[in-house]
Every structure is written in C-alpha cells, then in structure tokens.
Chemist: 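So that we are looking at the same thing, I have put the structure below in structure tokens.
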There are 2 protein chains.
Amino acid sequence: MSQMQNVERQLREMILGLEIGPGERLTERWIESRFGASRTPVRAALLRLETEGLIARDGRGWTVAPINLAELGQIAVYREAVEVAAVRLTAALEDRSGIEVIAAMLDSCGAETPREEWHRVGLDFHIELARLSGNEFLLRAVRDAMTRLSRARWLEVRDEKALGRAWAEHHAILAAVRRGDAEAAARLLAAHIAGSRDRLVTSLHDDRRGLRARGFAVVAA
Amino acid sequence: MSQMQNVERQLREMILGLEIGPGERLTERWIESRFGASRTPVRAALLRLETEGLIARDGRGWTVAPINLAELGQIAVYREAVEVAAVRLTAALEDRSGIEVIAAMLDSCGAETPREEWHRVGLDFHIELARLSGNEFLLRAVRDAMTRLSRARWLEVRDEKALGRAWAEHHAILAAVRRGDAEAAARLLAAHIAGSRDRLVTSLHDDRRGLRARGFAVVAA
DNA sequence: GATACCAGTTTGGGATACCAAGCTGGTATC
DNA sequence: GATACCAGCTTGGTATCCCAAACTGGTATC
C-alpha cells in the first residue's frame, strides 16, 4: 500500500477516533514525523481528507474540522433526500435479498457488544442500505454524510434506551423494504433521520461546555 | 493565485471543453510541461480533479473519465433526489426573491446568444436554484452532478426546439416555486430531469460511433 | 506599561532529484 | 518466423531542498 493511502487512512482514523480533536491545528511537518512519511504523500492525503470534510484550510494552514451543529441539521436534510431515494429504489427491486445481510449485521449486536461496534454498525446500516439501491451516487452521498456525522455521533451521549430504539427503527425500515412497501420505508426512514438529528443536536448542544473543555471546537447552530 | 489552482482550473477547462478527449491518457510530465508548473502542483490538481470524477486512475496512470451512459442514468436519479429536495426547501421559504435573479439569467439568452452561453446557463440554472435552498450539501451535490454531466450535454445534438423546451420548462419550474407550490415544482422538476436524461442518453447512444471516431471513449449503458 | 519594530523560526507552496515498476523495441535463439 | 529475453526509457511515488510569507518572541522607544 502506498504511503499516501497509509497516511490518509491513519490520519482519518485518528480524526474520526477523536485522537486529534475537532478544531485542532495540523502541520504537514508534524504529520510527516508522526507517520514517518515525507511531505509529498502527506500533502496528497490532506487534499483527499479535505474533500471528505474532515479537515479544512485555516488561512495558510490546516485544521481538523470542528463539530458544527448547523451543519448537522443540513446533513440531516441531505441524508433524507438521498437515503429516501435509495430506499425507494431498493424497495422496487425484484431481488431484495440483500436486506437479510443487513438484518444479520444488526442482529450481531447484543448486550455485551462494545459501544464501538454499535457505533460502527449504526453507520454501516445506512451505508449498506444505500448500496443495495445500486446507485453509485446515492451510495457515495450516504457514505460521505455518515463520515461527516461519525464524530458527532461518537460524542453523543446515548443511553441503552436510545440504542434500542435506533435498533428497532432500523429493523422496522428493513421490514418495510422487505415487503416492498416503499412508502412505509420512506416514511420510517425520514422519521428515523429526523429523530436521530434531534437527539444528536440536543445532546451536543447540552454538552457543548464539556466538549469545549475537552478542547473540541464546537460551532453553534 | 497558486499554481495548483491554476493547473486545476485550466485542466478542468480543457477536459470540460473536450480539448482533451474522454478516455485520453494523461501523464504528469505532459501536464507539467503544458502548464509550466512542476509536478507538485500538478499532482495536487490531479487529486482534486479525481474527486470531481473528471479524471480517474488507470492502473498506475491517469485517464480522462470516459463518457459513461450508464452513469448518466444514475446521475439523473441522484439529481432528482437532491434537486427536488432543494426546490421543496426553496418553495417553503418566505423570501423567494432569489428566483427573479435566476429568471433574469434565463431571459438573458436570446436567439443570437452563442451555443456556449446556452450551455452554461442551462447548467447554472440548476446550480443556482439549488443554492437558493440554503443547504450547502444539496448545493454541492447538484454542482457535482452538473459538472459530471457537462461534457455529455455539450456533445448532445440539440436543436432549437429542444433548447426552447428546456427554457420553457425552466420557467415553469420557477413559476411554481415563485407561488410557493412545492408539489408542482417538484413534479415539473422531476419530469424535466427525466426528459433531459432521455434526450441525452438517446442522442449520445445514437451518435456513439461518431463520438468514438473522434477519439472519445464512450462506455455503453 | 504600551507599542512599534525587527530578527529568527516555522510553515505551506513549489521545484527537483531519485527510485522502482512497468512498458517498449530490438535482438538473439530455436 | 516465432518467441523468449534484455536494455533502456517512461512514469508515477517519494524524499528533499529552497523560498516567501507569516508568525513569534524579545527589545527598544515613547
């Protein structure tokens, strides 16, 4: 694997894993020494991560993208548009057996499953559901949206109840798609996304002092 | 302006203007000498254009993205999802005066307007309409889709009648938005996108021999 | 004490040298 | 004549060097 891909992957993991906090400054030299690569692949990786929205230019330098509450609201609208379109396509397919793989993925999470895994499955559910549509652009849009949401969701304080509710909503969406009920699937998905956004924004808004205390830049809605 | 932006902009214009044909191979050294920049900004520009879908990796090298008829169909579905979402948002705004700027843009095209200008306005109509929604992600999605459609639309054989019809459909969509009729706007826009796709794919499919004769790679649907 | 200024350092942008992988054209062998 | 093979060239990947701009810390001046 090339150095650029190495740096890109590792840096993305550090950002998404909050090992580098939202709003933190990045210098090409620091990354270079941190990952043992020269500046050429480092700069290539930065350019790619910039298009993912994980880092942003800060004047002449680079900054890890802050958590932006207004952006979360816009992403929810965007998600609804593309995810609903994707699920409508999928519900209209003759062969909807791909659904079962996603259902199995959901069921693989149990009481003893680590929180990290719940988080990953919660994101992958939406990505895999979009993939079933067969539309590359809808898939990419969903993947991009989930990447941008990833850190915020990780910071969200989620209790058992919220996790269980999301799990149930995911299954309800799958059930509607399974029986080919596009309208129901679209309605359930839209409600799920709106509810998810509300919980997310409320949680982060309430906790913004704590987040800032941890050194995380949080931009208000 | 930085060298990277220079190279990126000029290379994008050459690709979109079909000065470099779809499917053509690109080498970093050729670009370097062509634009008088060194490989560092050239590589940065290539990485950015790759994310726009205008160029793609071809094994170890670079290739100008071919015209892909299957992709055009997928883009139409994607466009419908995001553009309809955007126009619904716009129709729900209190202040919809931005509409008039777009209407003026349409009206600036007359019988003596060069074909190039019609082309640009036809793309910008959709982008500016999405911008009015105020949602950055929907705007970016539409802009990205129109960029990917640009070359295909330029190759489309369009007669006066088709241009006039598109112009009328654009105005009809604006009228629906102006009176706040989200349902009508969504319906008209969806029909416009579907019709546009049909004409585009049919035209390119019928002309694919001619396009290939010009050295343009055309991937079948 | 505040401020204007200056030298030193840091940083991203760019240019270039080097390398390994892969391709090409020619050649020698059968 | 076909094929295996090899030298040389091309090309993207990487490392490194230079530069100008911006930042930093300290100092001198008022």
Side-chain angles (χ1 to χ4, degrees), chain A residues 1-16 19-66 68 212 215-217 219, chain B residues 1-16 18-66 68 215-217 219:
Chain A
M1 179 176 287
S2 73
Q3 289 282 58
M4 184 208 92
Q5 291 171 313
N6 254 324
V7 173
E8 182 187 347
R9 190 173 42 78
Q10 293 186 61
L11 194 53
R12 183 189 295 110
E13 278 172 18
M14 285 188 73
I15 293 172
L16 292 180
E19 294 174 57
I20 316 179
E24 214 164 302
R25 286 291 295 272
L26 285 175
T27 69
E28 297 182 356
R29 258 85 174 189
W30 178 83
I31 301 168
E32 177 182 27
S33 67
R34 178 70 175 69
F35 297 114
S38 77
R39 284 180 64 209
T40 309
V42 166
R43 296 191 54 184
L46 286 171
L47 283 171
R48 296 188 67 99
L49 292 174
E50 185 188 13
T51 69
E52 287 186 46
L54 294 183
I55 62 176
R57 300 205 97 94
D58 171 34
R60 217 167 56 113
W62 302 94
T63 307
V64 176
N68 186 325
R212 292 216 178 94
F216 295 166
V219 177
Chain B
M1 182 178 286
S2 73
Q3 290 280 59
M4 184 209 92
Q5 291 171 313
N6 252 323
V7 173
E8 181 187 348
R9 189 172 43 78
Q10 294 187 61
L11 195 52
R12 184 190 295 112
E13 277 172 19
M14 285 188 74
I15 293 172
L16 292 180
L18 296 165
E19 294 173 57
I20 316 178
E24 214 163 304
R25 286 290 296 272
L26 286 175
T27 69
E28 298 183 356
R29 258 84 174 190
W30 179 82
I31 301 168
E32 178 182 24
S33 66
R34 178 70 176 70
F35 297 113
S38 78
R39 286 179 63 209
T40 307
V42 166
R43 287 179 57 90
L46 286 170
L47 284 169
R48 296 187 68 98
L49 292 174
E50 185 188 14
T51 69
E52 286 186 45
L54 294 183
I55 62 176
R57 302 206 92 95
D58 171 35
R60 218 167 55 112
W62 302 93
T63 307
V64 177
N68 187 325
F216 295 167
V219 177

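Within every chain, numbering begins at 1; the chains are lettered A, B, ... in the order of the sequence lines, protein sequences first and strands thereafter.
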Chemist: Does a nitrogen or oxygen in the side chain of B/R43 sit under 4.0 Å from OP1 or OP2 of D/dG13?
Modeler: yes
Chemist: Which whole-number value in Å describes the distance from B/E32 CD to C/dA17 P?
Modeler: 11 Å
Chemist: On the nucleotide C/dG13, are OP1 or OP2 found under 4.0 Å from the side-chain N or O atoms that B/R39 carries?
Modeler: no
Chemist: Counting only distance, no hydrogens or angles, is the base of D/dG13 paired donor-acceptor with the side chain of B/R60 under 3.5 Å?
Modeler: no
Chemist: Given C/dG14, is OP1 or OP2 found less than 4.0 Å from the side-chain N or O atoms of B/T40?
Modeler: no
Chemist: May I have the distance from B/L26 (atom CG) to D/dG12 (atom P), rounded to whole angstrom?
Modeler: 9 Å
Chemist: With A/L26, which of A/T63, A/V64, A/L49 fulfils side chain to side chain contact (heavy atoms under 4.5 Å, CB included)?
Modeler: A/V64
Chemist: Just N and O in the side chain of B/Q3: are any of them under 4.0 Å from OP1 or OP2 of C/dA15?
Modeler: yes
Chemist: Calculate the interatomic distance between B/R25 atom CZ and D/dT10 atom P; express it in whole Å.
Modeler: 15 Å
Chemist: Can you tell me the distance, in whole Å, between the CE atom of A/M1 and the C1' atom of D/dG13?
Modeler: 15 Å
Chemist: Check whether B/W62 forms a cation-pi arrangement with B/R57 (NZ or CZ under 6.0 Å from the six-membered ring centre, at most 45° off the ring normal).
Modeler: yes
Chemist: At under 4.0 Å between heavy atoms, what does A/A44 touch on the DNA or RNA strands: base, sugar-phosphate, or nothing?
Modeler: nothing
Chemist: Whole angstroms only, please: what is the CG-C1' distance between A/D58 and C/dT11?
Modeler: 12 Å
Chemist: NA contact type, B/L46, heavy-atom cut-off 4.0 Å: base, sugar-phosphate, or nothing?
Modeler: nothing
Chemist: Looking at every heavy atom in both A/A217 and A/G23, which two are closest together, and how far apart are they?
Modeler: CB-CA, 3.7 Å
Chemist: What I want to find out is whether B/E8 reaches B/R12 closely enough, with some N-O distance under 4.0 Å, to be called a salt bridge.
Modeler: yes
Chemist: State, to 0.1 Å, how close B/E13 and B/E19 come at their nearest heavy-atom pair, and which atoms those are.
Modeler: O-OE2, 4.3 Å
Chemist: Reckon A/R57 touches a base, only the sugar-phosphate, or nothing at all at heavy-atom distances under 4.0 Å?
Modeler: sugar-phosphate
Chemist: To the nearest Å, how far apart are B/E8 CD and C/dG14 C1'?
Modeler: 16 Å
Chemist: Is any side-chain heavy atom of A/Q10 closer than 4.5 Å to a side-chain heavy atom of A/M14?
Modeler: no
Chemist: Quick one: closest heavy-atom pair of A/G53 and A/A65, and the distance?
Modeler: O-CB, 3.3 Å
Chemist: Would you indicate, yes or no, if C/dG14 has its OP1 or OP2 atom less than 4.0 angstrom from a side-chain nitrogen or oxygen of B/S38?
Modeler: no
Chemist: Based on Watson-Crick and G-U pairs with both distances under 3.5 Å, what dot-bracket line describes DNA chain C 5' to 3', crossing pairs as [ ] and inter-strand pairs as |?
Modeler: ||||||||||||||||||||||||||||||
Chemist: Give the rounded distance in Å between these two atoms: CE of B/M4 and C1' of C/dG14.
Modeler: 13 Å
Chemist: Could you check how far CZ of A/R29 sits from P of D/dC18, rounded to whole Å?
Modeler: 13 Å
